[in-house]
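Please read the structure below before turning to the comments.
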Amino acid sequence: MSEALERAVKEIPPKSADLSAWYTAACLKGELVSYSPVRGCVVLRPYGFGLWENLQRELDARFKATGHENAYFPLLIPESLLVKEAEHVEGFAPEVAWVTQGGSEELTERLAIRPTSEAIVGTMYAQWVESYRDLPILINQWANVVRWEKATRPFLRTMEFLWQEGHTAHASAAQAREETLKILDVYRDFAENVAALPVYFGKKSAGERFPGAAETFSIEALMPDGKALQSGTSHDLGQNFARAYDIKFVDADRTIKYAYTTSWGVSWRMLGGLIMAHGDDRGLRIPPKMAPIEAVLIPIVRSNDRRAVEACTSLSARLSDAGFRVRVDARDEQPGWKYSEWDVRGVPVRIEIGPRDVEAQTVVMARRDRDKGEPGQRESIALDDVPTALRETLADIQRSLYAQAKAFLEAHTYVTTGRDEFFDLCRTRAGMVDIAWCERAECEANVKAATAATTRVVRPLAEIGLACVACGEPAKARAYFAQSY
RNA sequence: CGGGGCGUGGCUCAGCUUGGUAGAGCGCUUCGUUCGGGACGAAGAGGUCGCACGUUCAAAUCGUGUCGCCCCGACCA
């Protein structure tokens, strides 16, 4: 390795040595985000926003396909509205930012910058709903929210973040529960099939529940350091918010009822999960379906021969027409320099065209998911075959990244019946620890105090008569325990 | 919010102990030669040392405060 390359590579510390340092460097060097002058707030740069746009496109299509529409509600929420649901306000109080002044005037009522929008949405739904015929309301909003966080990291936890929040209202508990689970499955599908993140999914314990919810469900991914990342949540709010915000309707049986509402969200935190799960020592590895640039075309020119630039430009046009997201990198830099830079940025496929290729009507296609020198990492293919080969290669990279993450999740999931082993696994961040559990808040608190791990999701118990692995009381469910982000 | 670390050209850092008015490498600009895994030559530009106050004839350097970033913990959906 040349001296210059060694130096460049050191800009990103090895992922295995220090995941935190690697993660921050990968986000910054990959040009996804920049720190801003505002504490805890990052600038999402064009490449990072491209990732977000792909998340939006894929999720939005799934929301539309399940009958939802987009709308937009105000950023500012009057305090009097926010405080209507007691548990909700109590849960969010420590992290709400307030507007207390407009221009030079002190406000008579302070305005919360939304930490989430149940309050304002609920208030509006109360106005819109009169009859069971007005239900369900199925609305999603793409928005920013602010939560006054004490410690922040790009994507994983920022004071202001982008997300989508769905808010629905239904005429029956069954319909609300069905909606909650339907969205959970949309999230699972997106995480696994688009972000290439295998997840565990299920109900949250009472202690991990969204403030004010009747039941919370989530998808949980596993990061390389053995910590879980809650990547999407879907809440069955029961009638709690309908009561607080007075969302009532006359049902078919002519009685007045409170609606059943749900809310659900995925934020740019999912991008953090994708970055951490798939990246390697060279930097990012973006799953093709999420990649702002699926393939970068790099011409190799000679001072007396610039035909490669032409070849790249015309191939790029063909690929764009065929629906691929491609870019030509014709900057005046060494090819090797460009390879490294696009490696850092995680572009799934690189297409090199040099004078030899121009003569032979071929290209060299290199894939980011394999290491340098690994079989199939870099292959020469006929120019005419590029669209087909690219489509297949992208699909294969998508599969391969998912398979690697899936193998990691499975290798770091432990089913145990031994109390000591359970505590050790939790304490050492071994991964997802699957036990029969009593579902008692006190038990979860004890485990947390001893190991820093909490339940991630809880599923029904198949067998009967089991004891809780953590405390010995009768088990009522199976639960994955892990430390979490 | 507690413990620890760090803020010096765009980046990585040296200089601080023992105050004397700022350096290196990379990057950047221009021109030329190059180009199949981070090229080379020549000539240039760029920093009131995070910010504020204090001590001093004199502060990147000493003191206090403050803002921000990183790590660990607590808290957090």
Side-chain angles (χ1 to χ4, degrees), chain A residues 1-13 18-21 23-25 28-29 34-42 87-88 90-96 115-116 118 145 147-154 156-157 159 161 163 165 204-213 216-218 220 229-235 237 263-267 269 282 298-306 308-309 330-344 350-358 362-364 366 371-373 377-378 380 448-449 452 454 456 483-485:
Chain A
M1 198 186 284
S2 75
E3 203 176 308
L5 182 53
E6 266 178 51
R7 199 167 43 238
V9 165
K10 275 188 200 142
E11 286 177 14
I12 301 181
D18 184 347
L19 184 66
S20 289
Y23 175 78
T24 306
L28 260 26
K29 300 290 179 192
S34 276
Y35 286 114
S36 76
V38 189
R39 182 179 80 81
C41 297
V42 296
E87 261 188 53
H88 184 62
E90 196 186 326
F92 278 103
E95 44 192 31
V96 174
T116 178
E118 278 76 7
V145 290
R147 297 181 187 180
W148 214 257
E149 300 289 354
K150 290 163 185 166
T152 61
R153 318 185 57 189
L156 299 175
R157 174 164 282 111
M159 295 228 304
F161 58 91
W163 77 343
E165 48 178 325
K204 292 301 250 183
S205 70
E208 296 282 317
R209 199 177 282 158
F210 177 75
T216 288
F217 297 81
S218 80
E220 304 274 336
L229 184 73
Q230 178 174 300
S231 306
T233 48
S234 186
H235 314 293
L237 304 175
S263 69
W264 27 273
V266 155
S267 77
R269 177 181 240 206
R282 282 185 286 155
I298 299 182
I300 294 144
V301 305
R302 297 271 152 72
S303 51
N304 58 349
D305 180 0
R306 296 185 55 81
V309 177
R331 290 175 300 172
D332 184 19
E333 299 286 357
Q334 297 286 111
W337 190 92
K338 294 179 188 174
Y339 298 168
S340 299
E341 189 180 89
W342 292 110
D343 278 353
V344 170
R350 179 180 74 234
I351 294 173
E352 309 163 14
I353 301 183
R356 292 203 296 271
D357 296 301
V358 173
T362 58
V363 306
V364 172
D371 287 333
K372 284 183 270 188
Q377 189 263 330
R378 209 166 156 274
S380 180
K448 184 177 183 182
T454 52
R456 302 328 302 156
Q483 295 186 29
S484 73
Y485 274 92

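Letters go in sequence order (proteins before strands), and every chain restarts at 1.
A/Glu87 comes within 4.0 angstrom of nothing in the nucleic acid, heavy atoms only. Within 4.0 Å of A/Arg356, counting heavy atoms only, lies at least one base atom of the nucleic acid. Residue A/Asp18 is classed as having no contact, given no heavy-atom separation below 4.0 Å to the nucleic acid. Using a 4.0 Å heavy-atom distance criterion, A/Pro355 is classed as a base contact. Using a 4.0 Å heavy-atom criterion, one finds that A/Arg39 contacts the sugar-phosphate atoms exclusively. Heavy atoms of A/Gly91 sit under 4.0 angstrom from primed sugar atoms or phosphate atoms, though from no base atom. A/Gly232 comes within 4.0 angstrom of no nucleic acid atom, judged by non-hydrogen atoms across all strands. The residue A/Arg331 sits apart from the nucleic acid: no heavy atom pair falls under 4.0 Å.
Side chain of A/Thr24, nearest nucleotide from B/C1, B/G68, B/C71: B/C71. Each of B/C72, B/A77, B/G37 was ranked by its minimum atom distance to the side chain of A/Ser20; first place goes to B/C72. Distance from the side chain of A/Gln334 is smallest for B/G36 among the nucleotides B/G36, B/A77, B/G68. In this structure, of B/G38, B/A77, B/C75, it is B/A77 that holds the atom nearest to the side chain of A/Pro211. Taking only side-chain atoms of A/Tyr35, from C-beta outward, the nucleotide of B/A77, B/G38, B/C69 with the closest atom is B/C69. Closest approach to the A/Lys150 side chain among B/C75, B/C69, B/C35 is made by B/C75 (side chain taken as heavy atoms from C-beta onward). The side chain of A/Ala151 has B/A74 as its nearest neighbour among B/G38, B/A74, B/G36. With distances taken from any side-chain atom of A/Glu208 to the nucleotides B/A77, B/G36, B/U34, the minimum falls on B/A77.
Comparing B/C6 with B/G10, their P atoms sit 22 Å apart, to the nearest whole Å. When the C1' atom is compared between B/C13 and B/G7, the two are found 12 Å apart, to the nearest whole Å. Using atom C1' as the reference point in both B/G73 and B/U12, the two lie 29 Å apart (nearest Å). Spacing of C1' atoms, B/G19 relative to B/A59, comes out at 6 Å, to the nearest Å. Nucleotides B/C35 and B/U48 have their P atoms positioned 41 Å apart, rounded to a whole Å. For B/G50 and B/A22, the P atoms lie 15 Å apart once the distance is rounded to whole Å. When the C1' atom is used for both B/G27 and B/G3, the distance is 37 Å, rounded to whole Å. Only the P atoms considered, B/C49 is 15 Å distant from B/G20, to the nearest whole Å.
Of the side-chain N and O atoms in A/Arg282, none sit less than 4.0 angstrom from OP1 or OP2 of B/G37. Between A/Ser303 and B/U33, a side-chain N or O to OP1/OP2 separation shorter than 4.0 Å is absent.
Under a 3.5 Å cut-off, the side chain of A/Lys338 and the backbone N or O of A/Arg331 do form a donor-acceptor pair. Between the A/Arg306 side chain and the A/Val301 main chain, no donor and acceptor come within less than 3.5 Å of each other.
A/Thr24 places a side-chain heavy atom less than 4.5 Å from the side chain of A/Tyr35. In this structure the side chain of A/Tyr339 reaches within 4.5 angstrom of the side chain of A/Arg350, judged on heavy atoms. A/His88 places a side-chain heavy atom less than 4.5 Å from the side chain of A/Phe210.
A donor-acceptor contact under 3.5 Å is not formed by the side chain of A/Arg209 with the base of B/A77. You'll find a donor-acceptor pair under 3.5 Å spanning the side chain of A/Arg157 and the base of B/C76, going by distance alone. Below the 3.5 angstrom threshold, one finds no donor paired with an acceptor across the side chain of A/Glu118 and the base of B/A77.
As the counterpart of B/G68, B/C6 is assigned, both hydrogen-bonding distances of the Watson-Crick or G-U wobble pattern falling under 3.5 Å. Across all strands shown, the partner of B/A42 is B/U30, judged by Watson-Crick or G-U wobble contacts whose two distances both fall under 3.5 Å. In a base pair of the Watson-Crick type (N1 to N3 plus N6-O4 or O6-N4) or a G-U wobble (N1-O2 and O6-N3), with each distance short of 3.5 Å, B/G73 is matched with B/C1. Judged by Watson-Crick or G-U wobble contacts below 3.5 Å, the nucleotide B/U12 has B/A24 as its partner. Checking B/G37 for Watson-Crick or G-U wobble geometry (two distances, each under 3.5 Å) identifies no partner in any strand. B/U17 is unpaired under the criterion used here, namely a Watson-Crick or G-U wobble arrangement in which both key atom distances are under 3.5 Å.
Between A/Arg306 atom CZ and B/C35 atom P there is a gap of 13 Å when expressed in whole angstrom units. Straight-line distance from the CG atom of A/Asp371 to the P atom of B/G37: 17 Å, rounded to whole Å. Rounding to whole angstrom units, CH2 of residue A/Trp148 and C1' of B/C76 are separated by 15 Å. The nearest whole Å value for the distance from the CZ atom in A/Phe161 to the P atom in B/A77 is 11 Å. Summarising the geometry, the separation between CH2 on A/Trp337 and C1' on B/G27 is reported as 10 Å, rounded to the nearest angstrom. To the nearest angstrom, C1' of B/A74 lies 9 Å from NZ of A/Lys448. Rounded to an integer number of Å, the gap from CG of A/Asn304 to P of B/U33 is 11 Å. Between the P atom of B/G37 and the CD atom of A/Glu333 lies a distance of 15 Å, rounded to the nearest Å.
By the 4.0 Å N-to-carboxylate-O rule, A/Arg209 lies too far from A/Glu87 to be salt-bridged with it. Ion pair A/Arg456/A/Glu208 flagged as a salt bridge, since at least one NZ, NE, NH1 or NH2 atom sits closer than 4.0 Å to an Asp/Glu carboxylate oxygen.
Across the interface with RNA chain B, nearest-nucleotide mapping of A/Asp343 and A/Tyr485 shows A/Asp343 to be the residue nearer the 5′ end. Toward the 5′ end of RNA chain B lies the nearest nucleotide of A/Val364, the other residue of the pair A/Glu149 and A/Val364 mapping further downstream.
Within 6.0 Å of CZ on A/Arg39 lie more than 12 heavy atoms contributed by other residues, nucleotides or ligands. Residue-environment remark: CD (A/Glu90) stays at or below the threshold of 12 foreign heavy atoms within 6.0 Å.
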